[in-house]
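What follows is a set of notes on a single structure, which appears directly below.
Here the structure is a predicted model, which is why all the values come from computation and not from measurement. Computed from heavy atoms alone, side chains included, the values below leave out hydrogens, waters and symmetry copies. Within every chain, numbering begins at 1; the chains are lettered A, B, ... in the order of the sequence lines, protein sequences first and strands thereafter.
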Amino acid sequence: MELKLYDTLTREKRVFVPLDPNNVRMYVCGPTVYDFAHIGNARPVIVFDVLFRLLRHLAKQGVWDGGKGETKVTYVRNITDVDDKINARAAEEYPDLPLNEAIRKVTEKTDKQFHDDVAALGCLPPTVEPRATEHIVEMKALIERLIASGNAYVADGNVLFSVRSMPDYGKLAKRSLDEMIAGARVEVAPYKRDPMDFILWKPSKPGEPAWPSPAGIAAPGRPGWHIECSAMSWKYLGEMFDIHGGGIDLVFPHHEDEIAQSRCAFHTPLMANFWMHNGFLQVEGEKMAKSLGNFVTIKELLEGWCGYSWPGEALRFNMLRTHYRQPIDWKFESLDESHKILWEWYKDIEGLQEDSRVSTDVIAWLCDDLNTPELITELHSLRKKKEFKSLYNALQLLGFSGKRENIIRRAGTSRGVSAAGIAGSFNAKENPDQITIAGEVLPSDDQIEKLVSMRSAARVAKNYKESDRIRDELKKMGIVLHDTKDGTAWEKVR
RNA sequence: GGCCACGUGGCGGAGUGGUUACGCAACGGUCUGCAAAACCGUGUACCCCGGUUCAAUUCCGGGCGUGGCCUCCA
């Protein structure tokens, strides 16, 4: 089976072959831990988790090592824990603590929530999750190399990368230096040789996190953002590796700058062989922004959005119904439909035992640049053909449990966007008393059985008025009845 | 202002130079005390204007709309 992936650098779908047949290497930009992850942050995490799972599957099949099945897959996703926004947030939330202590509190809390969130979304932990603050040594080594090779210079206690020293600069974003300068709207720092030069290292303000500086700079400082990823990918994946992923908004400047740093430091023709970027996400047709009141975190979706607490698997499935490179509009209707589809599928695969045989059609769609929408069509068709085992195996491969008890939806706190629109969500936040609806209380199985048999008795007596009344009552509790020739079955709906 | 995407039936969403996508919802039918479920059936979509072509939703150009990046935001 041939895997084809779209590469942002060459703007084409190409056959993927690992540089090293014994080790497939992938790096994805992870979160900056200053605030809870929003649903837009969830997209790359889910998309590249699916790719990780596919790569592992293909590796096991021996696709790249002549059938031996021993290829390793190394997936690195970093955690950025040194950043201006973290500093700002820490100072705001814990004004009475020393800054470094406040920062630790913010990053620990955010980091924990992030891991809880992505676990709920069914994502596997990456092979390595390096933290920026634990890789300052590697960053400084890179910076020294770049200075030695003439690609970086010291100015005013900063180290800057000289974009003019890199002929290919701008290739990923498809724009020339002249275009960038013409279009620039930012004020240029006076110490920059070229307006587009970017920071590799900068002095720390008093109280900020600080490390001894490279390049003979006396004052302590801290790294720029872009150098982190170059340093951590180098440490765990080497000078060149296979896949680098992230959101499309990272193409410029972040990934462009990573390429410049890594290629110039190692004199390599490439940093990553494939650059993959997921499309942007909007909420209810609008850009997600705190000022619009439609900012939605993963945590909120899991706890209560549009009146429901959503199972992580429904969020995951909803994400995969759109191709990863397309824009996606996150809305209640669509999420509701996703949940419903899973709910129906899970009924059919109840009680099946998993095995690793996944239909080749399913793999083929994944291998076509992760065409998950076509893959989902294939799953619908498997269900229609009553090939439930195949459906189950495919869902397992994609990271779904297939267990109905894991995707029961409950009434949640109703903060956030309502099905009708986003109006009023801020008021709800201001008046917490009004936002909490008690979690749905499901009746016990005994109670249900009792009501069902009461209804059956009424039906036998042809007391249809009473039997319909009981059915309505059960319906209100979320219990739906199915009359079959063998008696009445009941199930809890979502 | 510069660069880059996207625009498909009520909704979601693939794909293709000429043939049914698919799913959800809707509607009709079978079945049923009535429902539900199940099964069967129905819809003839591709932003606008030019061009290329025997043929364009699909390729090219322009326009309009939406969004992203150029402000360390996935």
Side-chain angles (χ1 to χ4, degrees), chain A residues 8 11 28-32 34-35 37-48 80 82-86 170 172-176 178-187 195-196 198-199 202 223-229 245-257 277-282 285-289 318 321-323 325-329 331 333-341 344-345 347 365 368 371-381 383-384 459-460 462-465 467-468 471-472 474-475 479-485 488-491 493:
Chain A
T8 308
R11 313 266 156 157
V28 175
C29 291
T32 300
Y34 73 102
D35 200 358
H38 56 68
I39 187 62
N41 299 115
R43 196 169 188 194
V45 175
I46 293 170
V47 164
F48 291 103
T80 298
V82 50
D83 179 90
D84 284 343
K85 274 191 297 233
I86 297 174
L172 182 72
K174 277 254 186 313
R175 50 181 114 169
S176 71
D178 294 336
E179 277 168 7
M180 290 185 228
I181 292 163
R185 296 183 308 194
V186 259
E187 210 175 305
M196 300 312 291
F198 57 90
I199 292 274
K202 59 181 165 185
W225 178 38
H226 313 302
I227 197 72
E228 296 175 14
C229 290
I248 196 167
D249 57 320
L250 291 182
V251 169
F252 193 89
H254 185 53
H255 291 165
E256 192 72 60
D257 291 351
H277 294 99
N278 61 271
F280 220 72
L281 178 145
Q282 286 180 272
E286 282 185 293
K287 173 181 178 166
M288 181 164 52
N318 194 234
R321 288 210 304 154
T322 302
H323 185 87
R325 282 193 278 119
Q326 290 292 114
I328 186 171
D329 189 7
K331 51 207 282 196
E333 261 186 320
S334 185
L335 180 54
D336 186 43
E337 189 182 319
S338 294
H339 187 239
K340 179 172 182 159
I341 294 167
E344 294 303 317
W345 285 359
K347 186 170 82 181
W365 282 121
D368 182 15
N371 195 336
T372 51
E374 282 284 13
L375 157 61
I376 288 165
T377 298
E378 178 64 25
L379 297 184
H380 280 297
S381 139
R383 176 170 183 254
K384 200 156 197 172
R459 288 182 71 215
V460 170
K462 297 213 189 296
N463 184 356
Y464 295 122
K465 201 175 165 192
S467 66
D468 289 351
R471 183 168 63 199
D472 286 346
L474 282 163
K475 195 176 173 187
I479 307 299
V480 166
L481 303 180
H482 309 287
D483 290 331
T484 70
K485 59 182 184 308
T488 300
W490 57 269
E491 69 165 329
V493 294

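- Interface remark: the A:Glu337 side chain does not form any donor-acceptor pair with the B:G12 base, using a distance-only criterion of under 3.5 Å.
- Rounded to the nearest Å, the gap between the P atom of B:A14 and that of B:U8 is 10 Å.
- Looking at heavy-atom distances under 4.0 Å, A:Ile199 makes no contact with the nucleic acid at all.
- When the nucleotides B:A38, B:U66, B:A74 are ranked by their closest atom to the side chain of A:Glu344, B:A38 comes out on top.
- Contacts of A:Gly40 with the nucleic acid, taken as non-hydrogen atoms under 4.0 Å apart, include base atoms.
- Taking the P atom of each, B:U16 and B:C6 are spaced 13 Å apart, rounded to whole Å.
- Separating the P atom of B:C4 from that of B:G12 is a span of 28 Å, rounded to the nearest Å.
- In this structure, the side chains of A:Trp345 and A:Leu379 come closer than 4.5 Å at one or more pairs of heavy atoms.
- Of all nucleotides present, none satisfies the Watson-Crick or G-U wobble test against B:U16 with each distance under 3.5 Å.
- Between the CZ atom of A:Phe252 and the C1' atom of B:C69 there is a distance of 9 Å, rounded to whole Å.
- Here A:Glu256 does not pair with A:Arg175 in a salt bridge; the nearest charged N to carboxylate O distance is not below 4.0 Å.
- Distance A:Leu250 CG to B:C70 C1': 14 Å, rounded to the nearest Å.
- Between A:Ile328 and A:Arg43 there is a side-chain heavy-atom pair separated by less than 4.5 Å.
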Would you tabulate the pairs of protein nitrogen or oxygen atoms and nucleotide nitrogen or oxygen atoms of nucleotides 33-35 of chain B closer than 3.5 angstrom?
| from | atom 1 | to | atom 2 | distance (Å) |
| --- | --- | --- | --- | --- |
| B:G33 | O6 | A:Arg459 | NE | 3.2 |
| B:G33 | N1 | A:Asp468 | OD1 | 3.2 |
| B:G33 | N2 | A:Asp468 | OD2 | 3.0 |
| B:C34 | O2 | A:Arg471 | NH2 | 2.7 |
| B:C34 | N3 | A:Arg471 | NH1 | 3.1 |
| B:C34 | N4 | A:Asp483 | OD2 | 3.2 |
| B:A35 | N6 | A:Asp483 | OD2 | 3.3 |
| B:A35 | N1 | A:Asp483 | OD2 | 3.3 |
| B:A35 | N3 | A:Arg471 | NH1 | 2.7 |

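- Of the nucleotides present, B:U42 is the one that pairs with B:A26 by Watson-Crick or G-U wobble criteria, both distances under 3.5 Å.
- For the side-chain contact (heavy atoms from CB on, under 4.5 Å) test with A:Thr32, the passing option among A:Asp84, A:Thr80, A:Asn41 is A:Thr80; the others fail.
- Rounded to whole Å, atom P of B:C24 lies 15 Å from atom CD of A:Glu333.
- Taking NE2 of A:His277 as the start and SG of A:Cys29 as the end, the distance is 7.5 Å to the nearest 0.5 Å.
- If you take CG of A:Leu335 and C1' of B:G23, they are 15 Å apart, rounded to a whole angstrom.
- Separation of atoms CG (A:Asp468) and CZ (A:Arg459) is listed at 9.0 Å; rounding is to 0.5 Å.
- For B:G67 and B:C47, the C1' atoms lie 16 Å apart once the distance is rounded to whole Å.
- The 5' end of RNA chain B is approached more closely, in terms of each residue's nearest nucleotide, by A:Thr377 than by the other of A:Thr377 and A:Gly30.
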Using a cut-off of under 3.5 Å, enumerate the N/O to N/O pairs linking the protein to nucleotides 13-17 of chain B.
| from | atom 1 | to | atom 2 | distance (Å) |
| --- | --- | --- | --- | --- |
| B:G13 | OP1 | A:Thr322 | OG1 | 3.3 |
| B:A14 | OP1 | A:His323 | N | 2.8 |
| B:A14 | O2' | A:Glu374 | OE2 | 2.3 |
| B:G15 | OP1 | A:Asn371 | ND2 | 3.3 |

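- Between A:Lys331 and the phosphate of B:G12, there is a side-chain N or O to OP1/OP2 separation shorter than 4.0 Å.
- For the pair A:Ser381 (side chain) and A:Thr377 (backbone), a donor-acceptor distance under 3.5 Å is absent.
- Dashed line: the shortest gap from a side-chain N or O of A:Lys287 to OP1 or OP2 of B:G68 is under 4.0 Å.
- Spacing between atom CZ of A:Arg43 and atom C1' of B:A5 amounts to 12 Å, rounded to whole angstrom units.
- If you measure from atom CG of A:Leu172 to atom P of B:C70, you get 14 Å, rounded to the nearest angstrom.
- The CG-C1' distance, from A:Asp336 to B:G23, rounds to 14 Å in whole Å.
- With contacts defined as side-chain heavy-atom distances shorter than 4.5 Å, the pair A:Pro253/A:His226 qualifies.
- Between A:Asp257 and A:Trp225 the shortest side-chain heavy-atom distance does not fall below 4.5 Å.
- Using C1' as the reference atom, B:A5 and B:U19 are 31 Å apart when rounded to the nearest Å.
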Polar atom pairs between nucleotides 25-31 of chain B and protein, under 3.5 Å, N or O only, would you list them?
| from | atom 1 | to | atom 2 | distance (Å) |
| --- | --- | --- | --- | --- |
| B:A25 | OP1 | A:Lys340 | NZ | 2.2 |

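- In this structure a side-chain-to-backbone donor-acceptor pair under 3.5 Å is missing from A:Asn318 to A:His339.
- No contact: A:Val251 has no heavy atom under 4.0 Å from any strand.
- Taking OG1 of A:Thr322 as the start and CG of A:Asp329 as the end, the distance is 9.0 Å to the nearest 0.5 Å.
- To the nearest 0.5 angstrom, A:Leu172 atom CG is 8.0 Å from A:His255 atom NE2.
- To the nearest 0.5 Å, atom NE2 of residue A:His254 and atom CG of residue A:Asp249 are 10.0 Å apart.
- B:G18 sits 11 Å from B:U57 when the P atoms are compared, rounded to a whole Å.
- In this structure B:U53 sits in no base pair that meets the Watson-Crick or G-U test at under 3.5 Å.
- When the P atom is used for both B:C48 and B:C64, the distance is 16 Å, rounded to whole Å.
- When distances are taken from the side chain of A:Arg11 to each of B:C24, B:G2, B:A5, the shortest belongs to B:A5.
- In this structure, the CZ atom of A:Arg383 is 16 Å from the P atom of B:C22, given to the nearest Å.
- Across all strands shown, A:Glu378 has no heavy atoms under 4.0 Å from either base or sugar-phosphate atoms.
- Annotation: the span from A:Thr372 atom OG1 to A:Arg321 atom CZ amounts to 10.5 Å, rounded to 0.5 Å.
- Separation of the P atoms belonging to B:C3 and B:G63 is 12 Å when rounded to the nearest angstrom.
- Across all strands shown, B:C3 forms a Watson-Crick or G-U wobble pair, both distances under 3.5 Å, with B:G68.
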